[in-house]
Amino acid sequence: MKKTVSVIGLGNRGTEYMGFIKAFHSKKVELHSLCDIRQQALDDIAPDFGIPKERCYLSPEEFFAQGVVSDGLIISTQDASHYEITKAALETGYKTILLEKPVSGNHDEYIELRDLAKEKGALLIICHVLRYSNYYSRIKKIISSGAIGDIVSINHTENVGYFHFAHSFVRGNWPNEFTSTPSILAKCCHDIDLIAWFMDSPCVSVSSEGGLRHFRKENAPEGATAYCMGGCKAKKDCPYDAEALYITDPFYKAKFIKHMKRTLTGKKVNSKEDIVNAIKGGDYGRCVYYCDNNVCDHQMVTMKFENGAVAVLNMNGFSDKMFRECHIVGTKGELIGYGTKLKMRIFGGKATTVHTGSPGVGGHVEGDIRLVSGFVKLLCGDRTDLTDITTIEATVISHDIALASEVSRKNGGVPVILKDYFGKE
Ligand SMILES: NC(=O)c1ccc[n+]([C@@H]2O[C@H](COP(=O)([O-])OP(=O)(O)OC[C@H]3O[C@@H](n4cnc5c(N)ncnc54)[C@H](O)[C@@H]3O)[C@@H](O)[C@H]2O)c1
């Protein structure tokens, strides 16, 4: 018999995962029930997956009132709702749950969920999708093989992309640390998770510097208006002009935000007029200098690990392209990753290009696909070994480091000793 999965939160992430289940796993798994607080989302998405109206719910309360209706559950709502919904899922009795990152911006909440999952015997997997990609799995394998010796340092940069930063962390869903989470957690808990996974040693202390440098009203160019299409006189030379980014730029130049039409309007099918109206008067049409954002647009985090190694993470909101760079230095050699290209240099030997099997496309779609495959395997009992799986136990450290980096940054960069700050975990 097929296993069943329900989904709460039918936005970009939830529907992507549903698409992968339908495309790659429909012999073993079928979608069961859907929940979203927007009727439009249910109306748009349910028919594509053949889910009848009676299995669509407009609130998590209504959904959980049905008891356990499926073998697995995907929770892909926005950050601030993860804690409440996951707690309800565990208390209702769901045993295999895939939860979007970040778990929560509150330490007590993610520790409570970790403990509750353990008490209930549930498997709570966090969507740190990068770990599942061929590229990062290959790096982990090389490190574990001892080929580059013991790790001495990691220097990792997440180049967010200027257009992506403006879309998500200025105009969009994650601009405010109080209503969402700090950008170092929202954007980079993945990267921190990778660093901690590669290090395989407890993190001892963290320090951080950074801030909101650019997207402030005092940096607005002369003639800027609240909305880009509201008569702005600075549009021509502004790389953040929403009209260009979302409407008039040719497709090749518009990077990934041309795929974000549903985010702009809330609807699956959009006319040109819908998009123009969304940019004229909606959140994504606002001048980037006049938004209510407060999250850092650049931040560096330094980490020290128990094995003596150190790591630096650089979150950079201002790159032309979206890509990650990683330089991993060991006692016998080094790995240099640029985007999805990987070079290995063994000291005294030759530099080699490592074929990672990564398709080399931008973003992390490959990791997303493999994350869903991993979830399906666990759900179907085809895999029981949890090595390298991003369970909540394994993910606590990424969240602790992110939160500690904020404490450090807000205190002038003083080092935060994790054990002292968070106490015994
Ligand atoms: N793993 C990754 O690589 C990755 C990438 C981007 C975003 N994310 C995370 O995924 C999550 C979802 O992001 P997204 O871009 O899909 O967002 P989204 O806004 O596109 O989708 C969220 C959906 O949840 C619905 N929703 C909101 N509150 C709800 C509630 N209480 N109950 C039921 N439905 C609710 C919304 O109506 C919306 O349809 C976020 O937490 C985000 O940080 C993860």
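Whatever order the structure lists ligands and atoms in, that order sets their numbers, starting from 1.
Here's the thing with H190: one of its N/O atoms is less than 3.5 angstrom from an N/O atom of ligand 1. Among the atoms of P102, none of the N or O lies under 3.5 angstrom from an N or O of ligand 1. For ligand 1, one of its N or O atoms has an N or O atom of H82 under 3.5 Å away. Any N or O atom pair closer than 3.5 Å counts here, and N12 shares at least one such pair with ligand 1.
Which of I8, I75, T77, D44 comes nearest to atom 29 (C) of ligand 1 through a heavy atom is settled by distance: it is T77.
When N270, D274, N277 are each tested for a side-chain hydrogen bond (donor to acceptor under 3.5 Å, both in side chains) with T265, only one passes: N270.
Using a cutoff of 4.0 Å between basic side-chain nitrogens and carboxylate oxygens, R131 and D193 are scored as salt-bridged. The pair E393-R114 does not count as a salt bridge, with every side-chain nitrogen at least 4.0 angstrom from each carboxylate oxygen. Between K2 and D71 there is no salt bridge, since no side-chain nitrogen of the basic residue lies less than 4.0 Å from a carboxylate oxygen of the acidic one.
Regarding atom 10 (O) of ligand 1, its nearest protein heavy-atom neighbour is E100 CG, 3.0 Å. Summary of contacts: the protein heavy atom closest to atom 21 (O) of ligand 1 is G11 CA, 3.1 Å. In terms of protein heavy-atom proximity, atom 25 (C) of ligand 1 is nearest to D36 OD2, 3.2 Å. Distance from atom 18 (P) of ligand 1 to its nearest protein heavy atom, with residue and atom name: Q78 NE2, 3.7 Å. Of all protein heavy atoms, the one closest to atom 24 (O) of ligand 1 is G9 CA, 3.4 Å. At the shortest separation from atom 32 (N) of ligand 1 among protein heavy atoms lies P60 CG, 3.3 Å. Ranking the protein heavy atoms by distance from atom 41 (O) of ligand 1 puts D79 OD1, 2.6 Å first. Considering only non-hydrogen protein atoms, atom 27 (C) of ligand 1 sits nearest to I37 CD1, 3.6 Å.
At a 4.0 Å heavy-atom cut-off, ligand 1 touches S76 through the backbone alone. Residue-level proximity to ligand 1 for N173 is carried by the side chain, the only part with a heavy atom below 4.0 angstrom. For K101, heavy-atom contacts with ligand 1 shorter than 4.0 Å involve the backbone as well as the side chain. Contacts between R13 and ligand 1 below 4.0 angstrom, taking non-hydrogen atoms only, involve backbone and side chain alike. Proximity of L10 to ligand 1, defined as any heavy-atom pair under 4.0 Å, is confined to the backbone N, CA, C and O atoms. Contact annotation for D368 and ligand 1: no heavy atom of the residue comes within less than 4.0 Å of the ligand.
For the pair K187 and F169, the cation does not sit on the ring face, since its NZ or CZ is not both under 6.0 Å from the ring centre and inside 45° of the axis.
Y57 and F64 have their aromatic ring centers separated by at least 6.0 angstrom. Taking the six-membered ring where the residue is Trp, the centroids of H82 and Y110 are separated by 6.0 Å or more. For F215 and F165, the ring centers sit closer than 6.0 Å to each other.
Note that OG1 of T15 and CZ of F20 are 9.5 Å apart. Values are rounded to the nearest 0.5 Å. Atoms CG and CD, on N411 and E406 in that order, are 10.5 Å from each other to the nearest 0.5 Å.
Panel note: side chain N219, backbone R213; a donor-acceptor pair is recorded below 3.5 Å. Checking side-chain atoms of S81 against main-chain N and O of Q78 turns up a donor-acceptor pair under 3.5 Å. S408 places a side-chain N or O within donor-acceptor distance of the main-chain N or O of V414, the cut-off being under 3.5 Å.
Residue contact check for ligand 1: T181 places no non-hydrogen atom closer than 4.0 Å to it.
Ligand-side atoms of ligand 1 in range of C127: 1 (N), range being under 4.0 angstrom from any heavy atom. If you number the atoms of ligand 1 from 1 as listed, the ones under 4.0 Å from a heavy atom of V129 come out as 1 (N), 3 (O).
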